[in-house]
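What follows is one structure encoded as structure tokens, with my remarks underneath.
Note that these values count all heavy atoms, side chains included, but never hydrogens, waters or copies made by symmetry. Note on naming: letters A, B, ... go to the chains in the order of the sequence lines (proteins, then strands), and numbering restarts at 1 for each one. Bear in mind that the values here come from a model prediction, so they are computed numbers and not experimental data.
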Amino acid sequence: ETGVTQSPTHLIKTRGQQVTLRCSSQSGHNTVSWYQQALGQGPQFIFQYYREEENGRGNFPPRFSGLQFPNYSSELNVNALELDDSALYLCASSVDRTVYEQYFGPGTRLTVT
Amino acid sequence: QQQVKQSPQSLIVQKGGISIINCAYENTAFDYFPWYQQFPGKGPALLIAIRPDVSEKKEGRFTISFNKSAKQFSLHIMDSQPGDSATYFCAARNTDKLIFGTGTRLQVFP
């Protein structure tokens, strides 16, 4: 059984640029949630995708958007990057949208300069 | 209302000792309370979880104690080992999402 994978591992972008982060969910999981983890903080919920539809969104602006594909993999897109977007972006998958037993990937470290 | 307050921020324990991390919440709609362990450079890993209809759950050296009336729950790590040194996060589920605490950095010294 393959766990949650994310790419790339690290990324450096300039303020104002756009970025796409990718996530492959664990086998058998149809729900992907994205979190932002600032240094020294707990993960903050960005949004969740369940069967290719957005199912809930946290307190993040519209320049954070996402997609889920038929194989349940997912993308997180961030437009007009700001310095405060520098963080570890975590993808988590679960069997369904109830997020009982949610499993995280290793994250993508994004640095905005 | 959407917050989960976690304490202490950091904890130093000697090998073989008991580590205790506490969390408190206000929102009675929370219905599932997991604990995650995170090592540097890694994503959080699910450690143990509890639902509010039970007061305690034990898995190996890890125990969650849950006090529904006080809206508090805690993680106890018995016989703490240097390999337990990591950051621990409590979380609570509300409407298909997890709300995380701010984390506790645990250091276990030999």
(request) Anything in residues 35-70 of chain A with a heavy-atom distance to chain B below 4.5 Å? Please list those residues in order. (result) A:Tyr35, A:Gln37, A:Gly40, A:Gln41, A:Gly42, A:Pro43, A:Phe45, A:Gln48, A:Asn55
(message) Tell me whether B:Phe62 shares a hydrophobic cluster with B:Val13, the cluster being built from Ile, Leu, Val, Met, Phe, Trp, Tyr side chains joined at under 4.5 Å.
(response) yes
(message) Sub-4.5 Å heavy-atom contacts with chain B: which residues of residues 80-113 of chain A show up?
(response) A:Leu88, A:Leu90, A:Arg97, A:Thr98, A:Val99, A:Tyr100, A:Glu101, A:Gln102, A:Tyr103, A:Phe104, A:Gly105, A:Pro106
(message) For B:Lys42, which atoms come within 4.5 Å of any heavy atom of chain A: side chain, backbone, both, or neither?
(response) backbone
(request) Under 4.5 Å heavy-atom distance to chain A, tell me which part of B:Leu98 shows up: side chain, backbone, both or neither. (result) both
(message) Sub-4.5 Å heavy-atom contacts with chain B: which residues of residues 7-19 of chain A show up?
(response) none
(message) Counting only non-hydrogen atoms closer than 4.5 Å, does B:Arg51 touch chain A with its backbone (N, CA, C, O), its side chain (CB onward), both, or neither?
(response) side chain
(message) Please tell me whether A:Val78 and A:Trp34 are part of a single hydrophobic cluster in this structure, the criterion being side-chain heavy atoms less than 4.5 Å apart.
(response) yes
(request) Kindly check if the number of other-residue, nucleotide or ligand heavy atoms within 6.0 Å of CD (B:Glu59) is above 12? (result) yes
(message) Under 4.5 Å between side-chain heavy atoms, counting indirect links through other Ile/Leu/Val/Met/Phe/Trp/Tyr residues: same cluster for B:Phe30 and B:Phe89 or not?
(response) no
(message) At a 4.5 Å cut-off on heavy atoms, which part of B:Gln6 comes close to chain A: side chain, backbone, both, or neither?
(response) neither
(request) Go through the atoms of B:Pro44 and report whether side chain, backbone, both or neither lie under 4.5 Å from a heavy atom of chain A. (result) both
(request) Answer yes if B:Ile64 and B:Leu11 sit in the same cluster of Ile, Leu, Val, Met, Phe, Trp and Tyr residues linked by side chain heavy atoms under 4.5 Å apart, and no otherwise. (result) yes
(message) Quick check on the structure: residues of residues 70-88 of chain B within a heavy-atom distance below 4.5 Å of chain A, by number.
(response) none
(message) Let me check something: do B:Val4 and B:Ile50 share a hydrophobic cluster, defined by ILVMFWY side-chain heavy atoms less than 4.5 Å apart, either directly or through other members?
(response) yes
